[in-house]
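For reference, the structure discussed in these notes is given below.
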Amino acid sequence: MRKRFYLTTAIDYVNGEPHLGHAYEKIVADVIARARRSLGEEVFFLTGLDEHGQKVQQAALDNGKKPQAYCDELAAVWKAFAKKLNLSNDDFVRTSEPRHQTVVQAILSKLNAAGHFYKAQYRGFYSPKEETFLTEKDRRPDGSFDSSYGQVVELVEDNYYFHLREHQQWLIEHIESHPKIDPQGREFIEPIYRRNEVLAFLKNKALEDLCISRPLARLNWGVPLPFDEQFVTYVWFDALVNYISVPAAQGDPAVLAALKSESRKPKADIELWPADVHVIGKDILKFHAVYWPITLRAIGLPLPKQILVHGWWQKDGQKMSKSTGNVVDPLAVIDEWGVDAFRYYAVRELDIGPDGNWTDAGFAARYKAELADGIGNLLNRSLKMLQSYRAGVVPPRHDELAPQADQVVNDTIAHLRGNQLQAALQRIGTLVTRGNQYVEQSVPFKLAKDPSKAARLDQVLYNLTETCRILAVLLWPFIPTAAEKIYAQLGLDVSPDKMSEAVWGRLNVGHTIGEPAPLFPRKDQPSK
RNA sequence: GCCAGAGUAGCUCAGGGGUAGAGCAGAGGACUCAUAAGCCUUUGGUCGGGGGUUCAAAUCCCUCCUCUGGCACCA
């Protein structure tokens, strides 16, 4: 029994269509999850849905449905989306689930009993569309509000607030004192410029207390406050708790102890909290880097080890927007190109952190150059030669390319441990290039014409075949089904899902490979 | 407005006082095992403008311009 590598994605707001941004974040998390499993760690990968709130309530009403029934329908869509992306998540949380809500209420009770909340009257402007309170600062000189807020109403109402100010100093210190949490030098908040933003935010002004309730009269689709039935919980407070409500439901001893839960029995074999990585978008950094750590501290739980912040995608250099039709539909791309190509491009094109730019031409170019003509062609030419010249039977081991393969394996593992997924793919790409160069230099097709060169041909064919096998193991976290196809073509009936197999020489003499077939079929674009 | 960061080859970016780099795109070549794939060679740049420090500046300083991000919301 040992602690699992626990990683999460943001939970998506159910009331919308899955788009490229959602897909990207989930793929990044999935690659990390698969990489860690491949490296031999026990992993728990969580994703899910945020279902409460005004907009969902309103949308359900507009559709003539009860919120729960409405969410059930949409949840099916989102779960199918996760499957389509080939996510390897271990659980899928929905905030409307009882297992989640009981934890939210237990936390609210605990924090309230400990005096973290107070009730106060709020008077001011509110945007139902954005579910947010507005201040005088949000007002334009003429007194109006930006149209993005929709209809703005003036409210006078009581609400519960979470004392934050007393937490400001220790949080600053925590962020500053946790710059390096492992040998790769990962920050508590990464990339470092996001960390600096949070520090600047915390240092520049006093935190305003967080409003954690909404009056039942205005919103009933939420988790009721256990100590005041006239209110439900603010959606953000509700949503963040998913990161520990699922561990609680799974029986994580640390979380259950903090909640003093008597209804659930700890399971000794499930140690999840603290999370190793929260993968989030830059838009929700403040919730994860400020409100969430403070909430955890108040509950008495340790903080997550890392918040990994990714950027946003543009399409053709422009912000994606439904109204202009300037969007990338992940499902359409996957249907046309396959899920592996989609996963590959997303991770290869955009490093975790900066914003990226999706272009269809760029996608097609990478598919052709790196997948079809790169790894795909190397595999195909290697196996076809082994099939033609040696009837598909692996010759005796030979280690000509072993040193370079070992280096690529070592570097790739280091990159994966540091969540440097783009760098890992780039490094793997150098082994593909090396394989193709090796074919040109060793000219096996010429050796095959000269019977006196048979021994040399054996050597070359072994090096090529073994390189392909190593590549399958390295690529598995990124493009699992393609990696498995490589193994199948090599005649190996297991999955290349263990990095410990990325060791030169595991392919045995006398083994017979399977049938070669184009891994990423070339797509000749109709010339327009 | 304020605070960061960035402006280097057609594109994406690395370099960070001492002869300008990579990948892709473009051009040329030899080959033929392969998904007409791959490999080799190669053309591109007064390193945003101006001023300064220095024997020497893409690199340090000043100034201006432009872009991006954060300061208020959103995967």
Side-chain angles (χ1 to χ4, degrees), chain A residues 9-13 16-26 28 47 50 127 129-139 145-146 148-149 191-194 196-205 208 279-287 309-314 317 319-320 330 349-351 353-357 359 361-362 365-389 422 426 429-430 432-449 457 460-461 464 516-524:
Chain A
T9 69
I11 52 174
D12 296 314
Y13 203 54
E17 293 287 307
H19 57 71
L20 178 59
H22 301 114
Y24 174 67
E25 176 175 298
K26 274 64 196 171
V28 163
T47 187
D50 181 13
S127 158
K129 184 180 171 211
E130 292 302 319
E131 296 184 49
T132 186
F133 294 99
L134 303 172
T135 67
E136 287 299 325
K137 282 186 299 183
D138 299 309
R139 271 183 120 159
F145 290 91
D146 190 90
S148 65
Y149 293 119
I192 195 157
Y193 48 86
R194 295 297 173 200
N196 294 341
E197 276 174 28
V198 174
L199 280 176
F201 173 80
L202 286 170
K203 286 177 170 177
N204 284 348
K205 59 181 178 190
E208 285 181 34
V279 180
I280 61 163
K282 62 182 184 178
D283 50 308
I284 53 176
L285 175 59
K286 195 166 85 178
F287 292 100
V309 188
H310 65 77
W312 284 7
W313 282 93
Q314 293 190 321
K319 187 172 177 168
M320 280 195 249
E349 179 70 25
L350 180 54
D351 192 19
D355 286 352
N357 187 28
T359 63
R366 276 205 198 286
Y367 180 91
K368 178 180 181 298
E370 296 172 20
L371 294 178
D373 299 349
I375 176 65
N377 191 233
L378 175 64
L379 175 74
N380 200 234
R381 69 199 303 206
S382 301
L383 298 194
K384 281 269 180 78
M385 285 191 281
L386 183 61
Q387 192 179 49
S388 317
Y389 307 148
Q422 185 192 48
Q426 284 170 340
T430 65
V432 174
T433 299
R434 183 68 194 100
N436 276 319
Q437 288 171 331
Y438 183 71
V439 175
E440 308 296 333
Q441 290 161 3
S442 61
V443 284
F445 41 89
K446 278 186 180 165
L447 299 173
K449 290 170 183 161
L457 179 58
V460 172
L461 292 176
L464 286 173
L519 187 63
F520 292 100
R522 219 182 130 89
K523 297 202 178 223
D524 291 309

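Order of the sequence lines sets the chain letters (A, B, ...), proteins ahead of strands, with each chain counted from 1.
With sequence neighbours left out, the side-chain hydrogen bond (donor to acceptor under 3.5 Å, both in side chains) criterion links Gln314(A) to no other residue.
Counting to the nearest Å, the P atom of A36(B) and the NZ atom of Lys384(A) are 10 Å from each other. Protein atom CD1 of Ile280(A) is 10 Å distant from nucleotide atom P of A75(B), rounded to whole Å. The CG atom of Asn377(A) sits 20 Å away from the P atom of C31(B) (whole-angstrom rounding). To the nearest angstrom, C1' of C31(B) lies 14 Å from CG of Leu447(A). Distance CG (Leu519(A)) to P (U35(B)): 13 Å, rounded to an integer number of Å. We find that CG of Leu20(A) is positioned 20 Å from P of C74(B), with the value rounded to whole Å. Between the C1' atom of A37(B) and the NZ atom of Lys523(A) lies a distance of 17 Å, rounded to the nearest Å. With rounding to whole Å, Gln441(A) atom CD is found 10 Å from C40(B) atom C1'.
A4(B) is paired with U68(B) under the criterion used here, namely a Watson-Crick or G-U wobble arrangement in which both key atom distances are under 3.5 Å. Under the Watson-Crick and G-U wobble criteria, each requiring two contacts below 3.5 Å, nucleotide C13(B) is paired to G21(B). In a base pair of the Watson-Crick type (N1 to N3 plus N6-O4 or O6-N4) or a G-U wobble (N1-O2 and O6-N3), with each distance short of 3.5 Å, G45(B) is matched with no nucleotide. Across all strands shown, G28(B) pairs with C40(B); the Watson-Crick or G-U wobble distances both stay below 3.5 Å.
Distance alone, capped at 3.5 Å, is enough to place a donor-acceptor pair between the Glu25(A) side chain and the Ala10(A) backbone. Asp355(A) contributes a side-chain N or O that, together with a main-chain N or O of Trp312(A), makes up a donor-acceptor pair within less than 3.5 Å. A distance-only check finds a donor-acceptor pair linking the side chain of Thr433(A) to the backbone of Gly429(A) [under 3.5 Å].
Taking atom C1' on both G23(B) and A57(B), the two are 27 Å apart, rounded to the nearest angstrom. Look at the P atom in both G69(B) and U53(B): the space between them is 38 Å, to the nearest Å. As rounded to the nearest Å, G1(B) and C11(B) have C1' atoms that lie 34 Å from one another. Taking the C1' atom of each, G15(B) and C71(B) are spaced 32 Å apart, rounded to whole Å. G17(B) and C2(B): their C1' atoms are spaced 33 Å apart (whole Å). A9(B) sits 8 Å from G48(B) when the P atoms are compared, rounded to a whole Å. Separating the P atom of G10(B) from that of G45(B) is a span of 8 Å, rounded to the nearest Å. As rounded to the nearest Å, C74(B) and G16(B) have C1' atoms that lie 37 Å from one another.
Taking 90° from 0 as the syn/anti boundary, the base of G26(B) is oriented anti.
Proximity of Arg522(A) to the phosphate of A37(B): a side-chain N or O atom is located under 4.0 Å from OP1 or OP2.
Nucleic acid contact for Pro521(A): base, since at least one base atom lies under 4.0 Å from a heavy atom of the residue. Residue contacts for Thr9(A): at a heavy-atom cut-off of 4.0 Å it reaches no nucleic acid atom on any strand shown. Base contact: Asn380(A) has a heavy atom under 4.0 Å from a base atom. Contact annotation for Ala200(A): no contact, since no heavy-atom pair falls under 4.0 Å across all strands. Within the nucleic acid shown, Tyr438(A) has no heavy atom closer than 4.0 Å to any nucleic acid atom. Residue contacts shown for Phe520(A) include a base, since a base heavy atom lies under 4.0 Å away.
Mapping Phe445(A) and Glu370(A) onto RNA chain B by nearest heavy atom places Glu370(A) closer to the 5' end of the strand. Along RNA chain B, the nucleotide nearest to Leu378(A) and the one nearest to Gln437(A) differ in position, and the one closer to the 5' end is contacted by Leu378(A).
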Every protein N/O lying under 3.5 Å from an N/O of nucleotides 69-71 of chain B:
unit_1 : atom_1 : unit_2    : atom_2 : d
G69(B) : O2'    : Arg194(A) : NH1    : 3.4
G69(B) : O2'    : Glu197(A) : OE2    : 3.3
C71(B) : O3'    : Lys205(A) : NZ     : 3.4

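Residues Asn436(A) and Arg381(A) bring a donor and an acceptor atom of their side chains to less than 3.5 Å of each other.
By the 4.5 Å heavy-atom criterion applied to side chains, Tyr438(A) and Pro444(A) are not counted as neighbours. In this structure, the side chains of Thr47(A) and Lys26(A) come closer than 4.5 Å at one or more pairs of heavy atoms. Between Thr9(A) and His22(A), the closest side-chain pair of non-hydrogen atoms is not below 4.5 Å.
Gln437(A) CD: more than 12 foreign heavy atoms inside a 6.0 Å radius.
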### Query
Where do Met385(A) and Val460(A) land on the side chain to side chain contact (heavy atoms under 4.5 Å, CB included) test, with the steps shown first?
CA-CA 10 Å; Met385(A) 285 191 281; Val460(A) 172; over 6 Å; no
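The side chain of Asp373(A) lies closest to U35(B), out of U35(B), C74(B), C33(B). Comparing U35(B), C74(B), U32(B) by their nearest atom to the side chain of Phe287(A) picks out C74(B).
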